[in-house]
Amino acid sequence: MSYKRILTIQDISCVGQCSLTVALPILSAAGLETAILPSAVLSTHTAGFSGYTFRDLTDDMPSIRDHWVKEGIKFEAVYTGYLGSTQQIDYVKDIFDATGDEGSFFIVDPAMADHGSLYPGFDGQFVEAMKTLCAKADYILPNITEACFLTGMEYKTEYDREYIDEILRKLTDLGCKNIIFTGISYEEGKTGVVVYENGEYAYYEHDFLPNSCHGTGDIYASSFVGALVRGKSAYDAAKIAADYTVECIKETAKLDNHWYGAAFEPVLGKLIEMLS
Ligand code: PXL
């Protein structure tokens, strides 16, 4: 197995099992050397806690980039999640251009919204900037809410294949190349992921677990990226990420009062098995 180096850019939520506290262990478990660039530091994530602190690290990004360029540091993949400001989006593009090599993957999780709403702190200007980041990426991983914000489509909780196809078409009109469209359910009790790659569609369906918890989007994206960069096809990576996320949700269901994140750590061994 070749040993690859990846950079992930997302926030540190000190408590709450999301973003970097999820991405770093999962990418490491996938056997990747993982570099991080924190976009912001928060005392907790913003979904369910109140009064959290938020330190925006936008101003640190240009000098970090300059140092890496001076050192000749390159990454075989750059994966972005929750970003701390609209201005950061231009810096992130520049960091990919400066530190990516020929053949490096650029993977964007437009982590900005869920259940029909933007996360606190994001606005229309951020969404406009995120469209341009998604257009630059090799792969994006939106959920339905994020895809609706990106395309201007109405958010629906009940829909058919035509609705999903129209969103996908509008995402490709924006310039998105390959789309891993998560949380797509065509049947009660089931959910799945649409893998749109090189103009072809595939769908992986699995059971819908009613206790779906916060942070699973980051678990899904990190395990997808880990598998993809390890050399799996996009479909196989999407399937591994779905199966692993289901294991994490089942593990979390064993716990009382664990509302803020998913217990992904006790089942990391299963991800490693799926990847080998
Ligand atoms: O899981 C996405 C996420 C990441 N980072 C922060 C968040 C959220 C979702 O609410 O608040 C800070």
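Because only heavy atoms are used, hydrogens play no part in the values below, and waters and symmetry mates are left out as well, while side chains stay in. For clarity, every value in this text was computed on a predicted model and none was experimentally measured. Counting starts at 1 for both ligands and their atoms, following the listed order.
- Ligand 1 lies under 4.0 Å from heavy atoms of Asp11, Ser13, Cys18, Ser19, Leu42, His45, Thr46, Ala47, Tyr82, Tyr119, His214, Asp218.
- With sequence neighbours excluded, the residues forming a ring pair (Phe, Tyr, Trp, His ring centres under 6.0 Å) with Tyr186 are Tyr203, listed by chain and number.
- Annotation: ring pair (Phe, Tyr, Trp, His ring centres under 6.0 Å) contacts of Tyr159 (sequence neighbours excluded): Tyr163.
- Residues Leu228 and Tyr79 share a hydrophobic cluster, clusters being chains of Ile/Leu/Val/Met/Phe/Trp/Tyr side chains in contact below 4.5 Å.
- Residues that satisfy the ring pair (Phe, Tyr, Trp, His ring centres under 6.0 Å) test with Phe75, not counting sequence neighbours, are Trp68.
- The two atoms that bring Met112 and Phe149 nearest to each other are CE-CB, 4.1 Å, heavy atoms only.
- The aromatic rings of His45 and Trp259 stand perpendicular to each other, their planes meeting at an angle above 60°, with 30° marking the opposite boundary.
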